[in-house]
There are 2 protein chains.
Amino acid sequence: MQSYTEENYLKIIYHLAEKTTNVQTNAIAEQMQTKPASVTDMIKKLADKGLVDYVKYQGVTLTETGRNAAIDIVRKHRLWEVFLVDKLNFKWDEVHDVAEELEHIRSIELIERLDEFLGFPKADPHGDPIPDKNGRFAKTQFIKLIELKVGDTGTITGVSQHSSAFLKHLEKLGLTLGKKIKISDVTDFDGSVEIQLADKQVNISREVAKHILISSNGKN
Amino acid sequence: MQSYTEENYLKIIYHLAEKTTNVQTNAIAEQMQTKPASVTDMIKKLADKGLVDYVKYQGVTLTETGRNAAIDIVRKHRLWEVFLVDKLNFKWDEVHDVAEELEHIRSIELIERLDEFLGFPKADPHGDPIPDKNGRFAKTQFIKLIELKVGDTGTITGVSQHSSAFLKHLEKLGLTLGKKIKISDVTDFDGSVEIQLADKQVNISREVAKHILISSNGKN
DNA sequence: AAAAATTTTTAGATTTACCTAAAAATTTAA
DNA sequence: TTAAATTTTTAGGTAAATCTAAAAATTTTT
Ligand SMILES: [Mn+2]
Ligand SMILES: [Mn+2]
Ligand SMILES: [Mn+2]
Ligand SMILES: [Mn+2]
């Protein structure tokens, strides 16, 4: 059994490993909002417990056991987010912090029943896939909106930035999950993108476009 | 803001204070499953924080602030128990341990919305009253079943023992919350009680009868 | 009102998860 | 390929919540 802190480390290492091959001490420290020296201490402990492979100065990798533990936390986090949005009417920008706490509740039975109660959802309110009880989930095949060309169409199916400010901004623009879009223009000057929605046209900055994920209906 | 451990101490002190005027170090230690020496340490800390009044060797009392904090934990515990039973189909003997964890989740918004989602329940699955968001709840006026006389009638509205073994036993006998009962006999020899239910007659030991709470329809 | 039993507190350690400052290793730049 | 910059680790410490063993206070019994 892991402590809450150990669980948080495992989850963060897991998420970092999705982006970079080599998970570095400093990166973990930043995510954990702690100091590199503390990370080294914890990594040693996780290595002793067989949850990560660790070679001094060479970064860290999750073991099979460690990855399974991490995926379990991610599963819980995302199921709780669905609960908060679907059942308690939270907004998609309000759920993350509470889910950070709820993800540590230790009861297999609870999560199985919650999953069932929610109708075995496949994705959380941000479009992220929810692992099933065996830790399996479909590799999502999203394209960043920024990569689309003028004329391309698609559906918003995820975001790669979960800050409340960003999510509220999208909400205000009407760029929520499930919305069908078409790229009507890309400005050379600042890279901002003009998007055609069903009922209106909106303009988003390049920075925003980077963090919207699209399941493409096919390129133009 | 209190740590999980501090919250557990406050809750236990609150519950002990319901039974005895003077809450003793040893009693707290037993409930917390820890040693008296550790309790003394923690009591000092709680006293420093203004959550309890403490005089060496004279036991401990909750301050206004401490009691409010305790009641808030109790509220959360009981609301989560209702959620587990009403929404996730847990049995009344399965919810306590999970609620022990859930009660520490820190989000006022979460609890308000959960309360609403559950329909502002007044009692938890064991018949215990749920404080409202201002910490107010009706003082329950229950009588122990053991105190009833032959011919008395009433409704089962609570239990004063929450162990799984006890609750499962009641379940098997059909002695669940809301059931109407009539005392048909009390055995002199062992104090066991014969109870008339709507559809059947059951016999319970004196020990069991002590822990069933009745809202009396009036004595005979 | 002593003596005995019980309860509570103190003293001194331990463990977990941190920290700062300094040393060591690795990577990047000149 | 040295020198400089960056990253990572080690060394030594702190605070929270525990513990055991022993001392002190309180309560109960004789
Ligand atoms: Mn989240
Ligand atoms: Mn999410
Ligand atoms: Mn309970
Ligand atoms: Mn209860």
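Proteins get letters first, then strands, A, B, ... in listed order; numbering begins at 1 in each.
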For C:dT15, give the paired nucleotide (Watson-Crick: N1-N3 plus N6-O4 or O6-N4; G-U: N1-O2 and O6-N3; both under 3.5 Å), or none.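 Paired with C:dT15, as far as the under-3.5 Å criterion goes, is D:dA16.
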
Does C:dT10 pair with anything, Watson-Crick or G-U wobble, both distances under 3.5 Å, and if so, with which nucleotide? D:dA21

I need the [atom1]-[atom2] distance between [X] and [N], as an integer number of Å.
{"X": "B:Leu46", "N": "C:dT9", "atom1": "CG", "atom2": "P", "value": "13 Å"}
{"X": "A:Asp48", "N": "C:dT15", "atom1": "CG", "atom2": "P", "value": "14 Å"}
{"X": "A:Asp41", "N": "D:dA11", "atom1": "CG", "atom2": "P", "value": "11 Å"}
{"X": "B:Met42", "N": "D:dA16", "atom1": "CE", "atom2": "C1'", "value": "8 Å"}
{"X": "A:Ile28", "N": "D:dT7", "atom1": "CD1", "atom2": "P", "value": "14 Å"}
{"X": "B:Tyr4", "N": "C:dT16", "atom1": "OH", "atom2": "C1'", "value": "17 Å"}
{"X": "A:Tyr54", "N": "D:dT8", "atom1": "OH", "atom2": "P", "value": "9 Å"}
{"X": "B:Asn22", "N": "C:dT8", "atom1": "CG", "atom2": "C1'", "value": "12 Å"}

Below 4.0 angstrom from OP1 or OP2 of [N], is there any side-chain N or O of [X]?
{"X": "B:Gln58", "N": "C:dT8", "answer": "no"}
{"X": "A:Thr34", "N": "C:dC19", "answer": "yes"}
{"X": "A:Lys56", "N": "D:dT10", "answer": "yes"}
{"X": "B:Gln24", "N": "C:dT7", "answer": "no"}
{"X": "A:Tyr9", "N": "C:dC18", "answer": "yes"}
{"X": "A:Thr40", "N": "D:dT10", "answer": "no"}
{"X": "A:Thr25", "N": "D:dT9", "answer": "yes"}
{"X": "A:Lys44", "N": "D:dT10", "answer": "yes"}
{"X": "B:Asn26", "N": "C:dT8", "answer": "yes"}
{"X": "B:Tyr57", "N": "D:dA23", "answer": "no"}
{"X": "A:Ser38", "N": "C:dC19", "answer": "yes"}

Would you say that more than 12 heavy atoms from the other residues, nucleotides or ligands in this model lie under 6.0 Å from the CD of A:Glu112, or not?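 More than 12 heavy atoms, drawn from other residues, nucleotides or ligands, come within 6.0 Å of this atom.
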
With side chain to side chain donor-acceptor pair (under 3.5 Å) as the test, pick out the partner of A:Asn8 among A:Gln31, A:Gln2, A:His104. A:His104

A:Tyr4 and B:Tyr4 aromatic ring geometry - parallel, tilted or perpendicular at 30°/60° bounds: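 The arrangement is perpendicular - the two ring planes meet at more than 60°.
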
Applying side chain to side chain contact (heavy atoms under 4.5 Å, CB included) to B:Lys87 and A:Lys87, what does each step give before you reach the verdict? CA-CA 11 Å; B:Lys87 302 296 182 181; A:Lys87 303 297 181 181; over 6 Å; no

Where do B:Lys91 and B:Glu171 land on the salt bridge (Lys or Arg N to Asp or Glu O under 4.0 Å) test, with the steps shown first? CA-CA 10 Å; B:Lys91 298 278 178 54; B:Glu171 182 102 42; 6.0 Å; no

Which residue, B:Lys122, B:Arg75, B:Lys76, B:Lys133, forms the salt bridge (Lys or Arg N to Asp or Glu O under 4.0 Å) with B:Asp115?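 With B:Asp115 as partner, salt bridge (Lys or Arg N to Asp or Glu O under 4.0 Å) holds for just one option, B:Arg75.
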
Quick one: on DNA chain C, does A:Ala37 or B:Ile43 contact a more 5' nucleotide (nearest heavy atom)?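 The 5'-side residue here is B:Ile43.
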
